[in-house]
Each structure stands twice: as C-alpha cells, then as structure tokens.
Amino acid sequence: MERYNFKIVEEKWQKLWEKNKTFKTKLNKNKKKFYCLEMFPYPSGKIHMGHVRNYTIGDVLARYKTLQNYNVLHPMGWDSFGMPAENAAKENNLDPKDWTEKNISVMKEQLKKLGLSIDWDREISTCSPEYYKHQQLFFLELFKKGLIYKKENYVNWDPVDQTVLANEQVIDGKGWRSGAIVERKKLSQWFFKISKFSDELLSGLDKLDKWPNKVKIMQKNWIGKSFGCEIDFKIEGSSSLNSIKCFTTRPDTLFGFSFLAVSADHPISKFYEKNIGFQKFKQECSKTGTTEESIAQAEKIGFKTDLIAINPFDQNEKVPVYFANFVLMDYGFGAVFGCPAHDQRDFEFAKKYNLPIKTVVKPRDMKDEFEVKDEAYVGDGIMINSSFLNGLSTPNEAISKAIETIEEKKSGKQKINFRLKDWGISRQRYWGCPIPVVYDDKGNYQTVPEDQLPVKLPENINLKTTGNPLDHQEEWRTITIKGKKYKLETDTLDTFVDSSWYYLRFCSPTDTSYGYNLDEIKYWMPVDQYIGGVEHAILHLLYSRFFMLALGYKNDDFISKEPFEGLFTQGMVCHETYKDKNNNWLSPNEVFTEDGKNFYKINDKKEKVVVGSSESMSKSKKNVIDPEKIIETYGADAVRLFILSDSPPEKDIQWSEQGMVASYKFINKFWTLHNKILEKIKSNKKGSNINDLNVFTNKLIQKITFNLEKFNYNVIVANIYETYNFLVKEIEKDYESNMLKENYLKILILIMPVLPHVISEAFNDLNYKEKLEWPIADSKYLEEKFVNIVIQVNGKKKSLIKIEKDLEDKDVINKIKKDEKISNIISDKNLLKHIIVKNRLVNLIIK
RNA sequence: GCCCUCGUGGUGAAAUUGGUAGACACAAAGGACUUAAAAUCCUUGCCCUUUUGGGAGUGCCAGUUCGAGUCUGGCCGAGGGCACCA
C-alpha cells in the first residue's frame, strides 16, 4: 500500500478484533493477572475529549500489560442511573430507559472507533435490573449487619433537583449537579454507617502507596480524626438538666474557660422553643447563607440562657451557657467550651458579649508576663494561671495531664472524634435503584424478602409531577408479602451506590446468583490500576473503599482488600475560550485564523475574536471539540498520539488543532518510512553489520518500558518521534536485511500500545504472524565502547570529548589535558584538584 | 485561616541517583526546491562579537557542594482541597 488510509485500516482492525474476540479474558490461575480499569462513563449522549484522554491512557496500559503476557481484565460499562436521564425524559416526553439505552449504543460505537482493547462481553449497565438486583441484595445484607439505618435529621435539600444531597455533594453551599443554593430541611432518610469504619478508612490509606499523595491527603482531611476528650459539664439552673457534654481537643486550656456554647439544634433547645428571644436568635441564624464566604464572614452571635456551667477543675468557677450560631450539631456533641484566649472563634464571641479572656498558655520563648489582647494565642507554650497544670508544656504534657485529671474526677474521658459523617443514601428521584424496603399501615418498615427481588422500577410513568414521581405510583407501591399488603419505599438509592461496587461486578458480570463470584474476585481483585478524574478523589473513591469494608464486615469469606491498588488521576482537556464583540461565547469552529489573528463571520463580515484563557472544555463556554469529528478527520491513532503528547497525563492538556494536525501528518510520514524499510527488508540484502541500530533499539526498549511504568506517556510520544527521526536517516545506511527486520519488529511492538491500528497493519505487511511479546533489552548492546565525557572547569562546562569507556583516571586526565580548549584554559593556571565521575564527567579545579 | 502541589525559551514541555539545561513537538523568522502555491526539507532561537569565541541563564534571595532545575531555609506568584470541625 502506498498511501496510508486510516479509514480503511482502522475499520479493518476494529472489525477483526471484534470478530476474533481478541480482548476477551477468562480466569486463568496459571497466568498472572492485571486488572486495568478506567472510571466508567455516564451515558450522557456523546463521548467527550475527557473520555478520549481517560480511555486512551487506560488502553495504552492494558495493551502494554497484554504484550508483557499478563492476563489483562479491561472492561467497560455504564453508570446509567441519574438525573440527566430523568430531566431529558421529562422535557421530551420520553422514557429515561429509552433515552439511556440510545445514548449507550451511540457512545459504545464511538468508543469502539478509538480502538480500545476492551472485553465488551463484560459490559454492564447499572440501570438494568440484572445489575441493581444484586445491589438490592447487598442492601439486605448490609441491613442485616446493622450497617444501614433510618433517621430523621436535617439534610441538604437541592430545591432545583428536588432531592437530598450528601455532604460530599454540596460544593460551596451549592448542589454539585444543579448549582442551586442548598437549603436545610428535616427529612427521614436512609443512611450507610460509613462512620463505623472511619479508623479503617484512615489507616488503610497508609497502605496505598500507588495512590497520588494528593488524593490520600484529601481523604485524610475529609475523615478528619481528632484526639481529645469528652467533658461532662455540670449544669445549674435547670430542674431537668444535670450536665452538658462537650468534645474538646484542648482540655489543657480548661482554666481559661469563660462560657459554654451549644448549637441552636441542641436537645436543650426544646426548653427554649417558646422563648421569643430564642426564636429571634434562631431566625437570625438561618439568615446566614450556606456559601463559603457568608459563613466565613458571618458574625458570631449568641443567645444567653439562664443556665450556668461549672468548671470540672474548679467547682467555684461558674460560667454562662449560650446558644451560638457557630456551633455545629453534627460534630462532637453539638456543644463546645469556650476558651477565648486560645481560640480565635471563642475570642471573637467573648469580645462581643464582654466575657472574660483569661490567658493560660504563654509562648515558650517569652520571658516577661504574657497576656492575650488583640487576638487569640493558639501556638505551643507553657501553662500559666492553671493551678496544677502550671509549668507544663503544651500541647503534649499538659493535655495528657488534663485528661488524666478529668478521668480521675469522673468528669469525662479520652475520646477520638471523626469529622466523617454517615452517608445519606436516600434520593427523592425516579431514575435510580429502588430501595428494597416496605412499610406496613402503621409505618413500621422491613426489607423486601430475597425471593421477591428485584424491586423493579415501573416503566413509562408520568414524570411531570411535583416531588418524587414514585410517590404517585400507587399500584406499583402496593406489594404483598406473605399475604399481607405493604407499601414500597419510594426513595431511590444515591447513584454513587451503583458505582461503589461495579468493579466487583466486572469480574463475573453475568453471574445470576450473586453480585460477585468469590473465585473470580479472589483472582482478579484488587484493581491493579484505576484511572479517572481527580474530581472523584473523595466521593466515589471513599464510598468504594467503604463498600469493600462493609461487604467484608462479619463475613470471613470475603476478600478484605482495598478495591484499587493503584490510582492514577488524569488532568483535564482544555481549550482557549472565544467571545464575539458582544461578549457571547463562540465555539472553535466558528473561529478562523488569518495572519495569526482570529476572526469570526457575522452577516458575511469579518469581526475580530476576543480570545480568553484556556479552560477545561465545557458546553457552557462552547470551547468543546467533538471527538467523533476529530476521529473522522484524522483517525483514531492520530488522536491517541496527540492526546498523549505535549503534557504529562496527570496535568491538564491544551487542545490544539495544529498539534492534532502534526500528529496526523506524523502517521502518514511514518507510513512512508515504513514502506522504505519494508523494501529494504524484502531486498534480502547482505549489507554490512552496523551496530548503531542495535544500540538504538535496545536503548529504546529501556526508555519506553521505563516511561510506561512511570506514566510518562508524553515522553513516550517524544521517544516515538525520536525513533522516526533516527530511522529516517539510518535507513540510508547499508544494513543487512535480517538485522534491520529484527530491530524493526521490536521497535514496532514498543509503539503498538499507542498506535495499535497502524502497527497492526505494519505487522501484517511484514507477514508476521507470531505472538507479539514485549522485548527485553539486551545488555550487550547497552554497553558502549566509547563514552562522552563532559569537562568542567570550576564546575562550568567547557568541553566535551569522546573516549574509551572505563579508562583509568590518570589516562582520562591525560586525554583531557590534550583537549585544545582545556589546555588553553589551564595552561597558565594551577590545577588544584579534579573530580572524576566515571564515564561521565571530569571537573577540574584551577586557580 | 489551615493543608497540598507547582513556578524551566514565544508556547506545551524533557532532564532515572545532585553531574552536557531546553530532548520531543507547536508557533515564529530566514533559506532551499517550485513559474507560483501547497507539500516537503534545512537553519536560527537570550546578551556581547563580522566570524572564531565569550557570558548570563530553570520565579526571587541566601545556604550546602568540586558541581544545584534537582537538596536546605526565607520570600514572591499561580493552582487545588478543606472551611466556624471545638
């Protein structure tokens, strides 16, 4: 073939791979396994560049591991429950199921056009009853284990999506999907007891040495472990209340105690419900928005009760009890003891209400008297004004002593507190997994019996109702268990539940008996390499880790493993943003370039484009490039090459049409070169045996293997270009055909993971039918007879010479002195000493 | 406010352990081929010098070292996470 036609070649190989089931995998205990998983997509309609990047990175790895003779599991599925389907269906009078299935079939075709090495026989879709049936079984299992409970509490209510959000789904006080300002609402909700595993989730992070540090730190902060103690403060002034419990990390500062503050939602608020002052205060509290800024700037306000709290260290010290707007009900016990001198927040509150500010910690290096004045002192130091704690150093010594004393006095005990709260899983939506729970006519609940699962979603229902559409499905809601009628729960599960265990399902996707097959997961799990966006650092990754712990809880058969041994978080795909003169966004295909300047056309007139910063592709800014069109124009291999080039995979990448064109041209140039090489190989020439190619090939094996292991995929692209640049010159030399062929075959295998279609075709041309195996560098070609020695004078590079390898030091020095440049420099100087780095460098110190 | 990451040409970036800074590519300028264009190929890239050559140089300032993009301390700047968490 003379010219390379990617359309014909790519389609040919994609069909062959499909027909031969090239990427089908089976459990094989004689082979080492490699589970390569990319985060599965939501079937929104079309794939976007982010998917292209994500799945190309994963595919390069999967193909590389396959060539290394691993048994590679590389599956794909669909995270297909969720809001967009429901909204789209509502708008267009469709069934969410039809909308979703149509999108899946479109996106599947698009993914196939990328030439991904996926075992499509393992395809799963979370919205199919065959999938969520098992999820309902898990619900029953976790319910039996006591890991699921129902409680009424304040929830994050998204007024646009009309549903509850988990804490993790509230970003900046706004819903993660709708962007609406989240409201507080009291509702009865189902919860997963994720907080039961706080400690395991935290300590498990230490073992994940193939995870980015960044993600581990984010999870660590999210779990938020604090060491401290709980203190029971005796209360005076109430007939029905003896004490209020607080959590503190600074019991050492108890002698600086000047008020006790509780949350407006604290149980004692029931005594004040009818108090007009309190009502006013509560109203004032609710005015504070939930956004970042409003919270940070919110004034500390309080409502003074008639209660008095007693300092456990000093019975005579009595302080007022306040309700305060800065105390959170769902952390600790919803109550704090205020020490204004050593906590900025307490300091501000004390200033406002004229409460005493008593200094009890003095900075270590301060010799004079010390008193807190303009701001709280929160650093280390020595205890003062604190009776038996005086002179102790804080935090360590003083805190230990304080806790010891509190325990002696039976006023409290040491305690560890976590920030992590239980995972609210109820959603008031139709398009999700039904919660397998029923209620009797008295409102008592029980789980649906196993043999009556799955609870299937009703189809073709009216979605244009207020609130949850399932609330209006009276017929569907009515279910008979053992002859008795019950009403089904209408909340559905948070879609993050669906994705918390899909990696297990891929191991035995068609097993009808259970969600996972023990034999299969024992072989395949954990996922060796998981690849996806960093935006899931907390939500999805923490939930998945929890799910493994929950399934393993009270179940010795289950594998107790972290789900994802390796994690890689890739960066986003960005593009310049364009605006017209009226400040409206322009899409890249409305923009054209003349003399390096950007224009757009309006009514056949040229207008200048306002070019903005490069930002991650999003529909709202119109800076999106449709992968399908790009693949059609340039071919999958060219797109793969470009999306991997330029930037390291973990960083954002700038999409550039010129870069894309360059990759396309490269494929064609490569093919021209390939034909030249092919001719030389076919000529069967007995040329001379030049070693350069052997050396190059074996060095390349080293480089590409190293870069693959380190995810330096952008460097691999550079290695591929280098290879081309080398071969294009080298091919003019007089090589023996066999030697050329031998090296060329190895080089092709090295490039295969990035450019699978062209390389498959190249192997076809060479009539090479044997199994492809990743080459191993031959050390005899890596050892060179000559080496380049850098010559430095006083640490600065002055010259470079080529000499025999492993020369004696004194011979090296003699050779160097003969170098013209060097002899000029050192002739009239004193050579004080020299540093020799064997086979690399000599540094001459002169004066 | 706390925590984390990152600052290298016009641009995206390379540089296994401290040892040739700028690989590879994009863009630009000049040139070759061509009647011309496209395509392709070559050269250049900061400062001084006609050339030879020399010098500065990895955000800034110090330090360690024969030698620092890489290590240490301080500062400046950008990005990300958390956010009244007691």
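Just so it is clear: chains get the letters A, B, ... in the order the sequence lines come, proteins before strands, and each one is counted from 1.
Between A:Ala335 and A:Ala718, the residue anchored nearer the 5' end of RNA chain B, judged by the nucleotide with its closest heavy atom, is A:Ala718.
A salt bridge (Lys or Arg N to Asp or Glu O under 4.0 Å) check over residues 649-673 of chain A, counting only residues at least two apart or in different chains, returns nothing. Pairs engaging residues 704-714 of chain A under the salt bridge (Lys or Arg N to Asp or Glu O under 4.0 Å) rule: A:Lys65-A:Glu709 [sequence neighbours left out].
Between B:rA56 and A:Lys796, a contact under 4.0 Å exists linking OP1 or OP2 to a side-chain N or O.
For residues 338-351 of chain A, proximity to RNA chain B is found at A:Arg345, defined as any non-hydrogen atom under 4.0 angstrom from a strand atom.
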Contact list (N/O, under 3.5 angstrom) for nucleotides 72-81 of chain B vs protein:
none

Shorter than 3.5 Å, N or O on both sides, protein versus nucleotides 41-49 of chain B: list them out with atom names.
none

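For the C1' atom pair drawn from B:rU34 and B:rA28, the interatomic distance equals 23 Å after rounding to whole Å. The same atom, P, is picked in B:rG77 and in B:rC60; the two are 15 Å apart, to the nearest Å.
Residues A:Asn623 and A:Thr577 bring no donor and acceptor atom of their side chains to less than 3.5 Å of each other. A donor and an acceptor atom, one from each side chain of A:Ser656 and A:Gln658, are nowhere located under 3.5 Å apart. Using a 3.5 Å distance cut-off with no hydrogens or angles, the side chains of A:Asn714 and A:Asp646 do not pair a donor with an acceptor.
With rounding to the nearest 0.5 Å, the separation of CG in A:Asp692 from CZ in A:Phe726 is 5.5 Å.
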Using a 4.0 Å heavy-atom cut-off, write out nucleotides 12-22 of chain B from 5' to 3' as B (base contacted by protein), S (sugar-phosphate only) or - (no contact). BSS-BB-BBS-
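The ring of A:Phe313 has its center closer than 6.0 angstrom to the ring center of A:Phe255.
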